[in-house]
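Report on the following structure.
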Amino acid sequence: MTNRREFLAGAGALSLAAAFGGLASGSARAAAPISFVGWTFRPDMVQGYVDLFNEKYGEQVNYSTLPWPQFHQTLEARAFAGDIVDVMYCFHSFRERWSQTGLIRALDDLPGVDAIKKAMAPANLASLTNKEGQLIGLPYYTGMYIMIYNEPMLQQGGFQQAAATWDELIEHCVKLKTDKISEYPFLPNWNPTVTGTTPQFLTDCFADGARVFDDDNRLIIDQDPAIARVMERWQRVYELGLVTPEIFTKPSTTDVHRMMFTGRYAYHTNHSNYLQTIAGDTKESLLAPKKAKMAPYPGKTGDTYMWTDSYVLNARTEALESSWKLMRFVGANLHGDWHVQRQWALASGLDNPYPALYDQPDVVASYANWIDLPLLRRQYEKGKVISAFKEAWYPEYDARSVPILHDMIRKSITVPEAIKSLVALQKSLA
């Protein structure tokens, strides 16, 4: 009997398509009830614009959420059981897998898609395509790692500006710890989920000009000495007691960024949007208003990892017209005023790959309350995407690489052993 993993990833690209009978025939059922499932983040706001969509366009969207940690696995199990979720959120490292297994459909044949592609930044558009070059998602948001610093703490330590290099950052943190200003001055996002340690590793490698994957998406970290230097630096900051051990058990990136609310850390690396609450939420954060700021990312190039998470369309939807209309409402500009994208930018600082969004006066004014928008846009010009996440093996590699990196940080294994283990892991899954 075929188990669920074999069903989704074994005979691979054909198994779900065969079980589901391929793509929908294209027949639409106007105003048919459609289901929309996202991970649990600001559900009240999402329900608000879903209600607006239903009222304005005469549709019947039923919105619900699932917890982040098991979001994709739960939807896969529901698909295996025959459930149809018409429109879904999808983390970037799962898109290709869902495309290859036939869970979601390509969008290129749908009305209005060419204009949507033209409106999007090229790097983000490329990341939303599958290996065959087909568009398989519309953007929910685009994210990128940035460097955040606690300005009052640096001033207390006698530093008038943020560190420009990793050596300076370590020097600052050692002094802050020695002077008992901060027990753990550095807060990298080493949480054990796929939004934490692995994208943090990619970021720090890219910032030092290193290549992680080759053009065929093979892991090549054993071929560039810069990778080992990144790992050695991670070991050093942990061995010096600059990073709290608590970081290894935080259940999400959201929980990590909330640690900055306390004002106890000098430097923090995390997703760009989290600075909005750290520097802007005066009810929750001691670093609001604007006591936490963004600095250019240290490193040889200062490049950081960038990704685009998305909305995807179920291949089996029986309400194609309505589902595609919802997709264009939440993931493009069907409403005509970037309504959904503006909601996310204003409420949560979530960026989007449509440059026109940043011509909106309310967006520009809102960002000025918590970040240097020109600096953020310059950092986006240094954002690096990877295509390795389009490989079917990537989600499993992503998850299983975390304990290897954590063991390396704590020196349970050496840097060469970690590199060897990661390369062997990728080869075993490919």
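Heavy atoms only: backbone and side chains are in, while hydrogens, waters and symmetry mates are out. FYI, the numbering just counts along the sequence from 1.
- Residues D351 and S272 come closest through the heavy atom pair OD2-OG, 3.6 Å.
- Of the possible polar contacts, one joining the D224 side chain to the A226 backbone as a donor-acceptor pair under 3.5 Å is found.
- For the residue pair T317 / N314, no side-chain donor-acceptor distance below 3.5 Å is found, with atom types taken as modelled.
- Remark: the backbone N or O of D86 is paired with a side-chain donor or acceptor of S35 at under 3.5 angstrom.
- When every heavy atom of Y267 is checked against every heavy atom of M147, the shortest pair comes out as CD2-SD, 4.0 Å.
- N333 is not listed as a side-chain neighbour of Y354, based on a closest heavy-atom distance of 4.5 Å or more.
- Residues I227 and V212 are in side-chain contact: their nearest non-hydrogen atoms beyond the backbone lie under 4.5 Å apart.
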*Can you check side chain to side chain contact (heavy atoms under 4.5 Å, CB included) on N270 and L275, steps first, answer last?*
CA-CA 8 Å; N270 209 327; L275 182 55; over 6 Å; no
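- In terms of heavy-atom proximity, P139 sits nearest to M120 at CD-CE, 3.9 Å.
- Here CG of L375 is found 8.0 Å from CD1 of I146. Values are rounded to the nearest 0.5 Å.
- Checked by atom type and distance alone, the side chain of H268 never pairs as donor or acceptor with a backbone atom of N150 at under 3.5 Å.
- Taking the centre and axis of the six-membered ring of Y380, the NZ or CZ atom of R377 falls inside the cone set by 45° and 6.0 Å.
- Using a distance-only test at 3.5 Å, with no hydrogens or angles considered, a donor-acceptor pair links the side chain of S323 to the main chain of A319.
- A tilted orientation is assigned to the rings of Y367 and W370, their planes being inclined by 30° to 60°.
- Using a 30° and 60° split on the angle between ring planes, H335 and H339 fall in the tilted class, from 30° to 60°.
- Counting only distance, with no hydrogens or angles, the side chain of S182 and the backbone of R264 share a donor-acceptor pair below 3.5 Å.
- The CD1 atom of I278 sits 10.5 Å away from the CG atom of D281 when rounded to the nearest 0.5 Å.
- Between Y140 and W39, the ring-plane angle classifies as tilted under the 30° and 60° cut-offs.
- By the 30° and 60° cut-offs, the orientation of the rings of Y305 relative to F206 is tilted.
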*Audit row: S127, H92, side-chain hydrogen bond (donor to acceptor under 3.5 Å, both in side chains) steps and yes/no*: CA-CA 8 Å; S127 74; H92 60 284; over 6 Å; no
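- For K290, the NZ atom is densely surrounded, since the number of other residues' heavy atoms within 6.0 Å is greater than 12.
- With no hydrogens or angles considered, a side-chain donor-acceptor pair links T269 and Q200 at under 3.5 Å.
- The main-chain N or O of P111 is found under 3.5 Å from a side-chain atom of W324 such that the two form a donor-acceptor pair.
- Residue pairs meeting the salt bridge (Lys or Arg N to Asp or Glu O under 4.0 Å) criterion with at least one member in residues 109-135, sequence neighbours excluded: R105-D109, D108-K117, K131-E391.
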*Which is it for W166 and D204 under the side-chain hydrogen bond (donor to acceptor under 3.5 Å, both in side chains) test, yes or no, and what are the steps along the way?*
CA-CA 10 Å; W166 287 114; D204 286 7; 5.7 Å; no
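- The minimum heavy-atom distance linking S401 with L425 is given by the pair N-CD2, 3.9 Å.
- Separation of atoms CG (L326) and CD1 (I34) is listed at 5.0 Å; rounding is to 0.5 Å.
- Taking 4.5 Å as the limit, some side-chain heavy atom of T197 sits within range of a side-chain heavy atom of H406.
- Residues V415 and Q235 share a closest heavy-atom pair of CG2-OE1, 3.5 Å.
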*asked:* Between W344 and Y141, is the ring-ring contact (aromatic ring centres under 6.0 Å, His included) condition met? List the steps.
replied: CA-CA 8 Å; W344 284 115; Y141 80 101; 8.3 Å; no
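- Taking CG from L373 and CZ from R378, the interatomic distance works out to 10.0 Å, rounded to the nearest 0.5 Å.
- The environment of NZ in K325 is crowded: more than 12 heavy-atom neighbours from other residues, nucleotides or ligands sit within 6.0 Å.
- Looking only at side-chain heavy atoms (C-beta outward), L422 and Y397 come within less than 4.5 Å of each other.
- A donor-acceptor contact shorter than 3.5 Å is absent between the side chain of H271 and the backbone of T253.
- Side-chain atoms of Q343 and V46, non-hydrogen and from C-beta on, never get closer than 4.5 Å to each other.
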*Let me see the working for Q426 and L429 under side chain to side chain contact (heavy atoms under 4.5 Å, CB included), right down to the final yes or no.*
CA-CA 5 Å; Q426 189 271 318; L429 298 173; over 6 Å; no
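- When the side-chain hydrogen bond (donor to acceptor under 3.5 Å, both in side chains) test is applied to E239, the partners found at least two apart in sequence or on another chain are K411.
- Taking the six-membered ring where the residue is Trp, Y57 and F329 present perpendicular rings, their angle passing 60° and hence far from 30°.
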*asked:* Between E246 and K250, does the salt bridge (Lys or Arg N to Asp or Glu O under 4.0 Å) criterion hold? Intermediate values first, please.
replied: CA-CA 7 Å; E246 185 182 356; K250 282 295 176 182; 3.2 Å; yes
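- Residues I409 and V243 form no side-chain contact, since every pair of their non-hydrogen atoms from C-beta on lies 4.5 Å or further apart.
- Looking at heavy atoms from C-beta onward, D208 lies in side-chain contact with R233 at the 4.5 angstrom threshold.
- A donor-acceptor contact shorter than 3.5 Å is absent between the side chain of Q60 and the backbone of N54.
- Donor-acceptor pairing under 3.5 Å is recorded for the side chains of N189 and Y145.
- You'll find the ring centres of Y265 and F186 outside the 6.0 Å limit.
- Between Y89 and F71, the ring-plane angle classifies as tilted under the 30° and 60° cut-offs.
- Defined by atom type and a distance below 3.5 Å, a donor-acceptor pair is present between the side-chain atoms of K390 and T129.
- Applying the salt bridge (Lys or Arg N to Asp or Glu O under 4.0 Å) definition to pairs two or more places apart or across chains, those involving residues 329-344 are D337-R342, R342-D362.
- Put simply, CG on L187 and CG on L242 are 12.0 Å apart, with the number rounded to the nearest 0.5 Å.
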_For H72 and R97: C-alpha separation, side-chain torsions, deciding distance, then whether side chain to side chain contact (heavy atoms under 4.5 Å, CB included) applies._
CA-CA 11 Å; H72 298 84; R97 166 177 167 143; over 6 Å; no
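- At distances below 3.5 Å, not a single donor-acceptor pair connects side-chain atoms of S348 with backbone N or O atoms of L350.
- Of the possible donor and acceptor atoms, one in the side chain of S310 sits under 3.5 Å from a partner among the backbone N and O of C90.
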_side chain to side chain contact (heavy atoms under 4.5 Å, CB included) for D372 and K293? Distances and angles first, verdict last._
CA-CA 8 Å; D372 180 340; K293 298 185 176 181; over 6 Å; no
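- Here F91 and W307 keep their ring centres 6.0 angstrom or further from each other.
- Among all heavy-atom pairs drawn from S322 and F53, the shortest one is O-CZ, 4.3 Å.
- To the nearest 0.5 Å, atoms OG (S285) and NE2 (H257) are separated by 8.0 Å.
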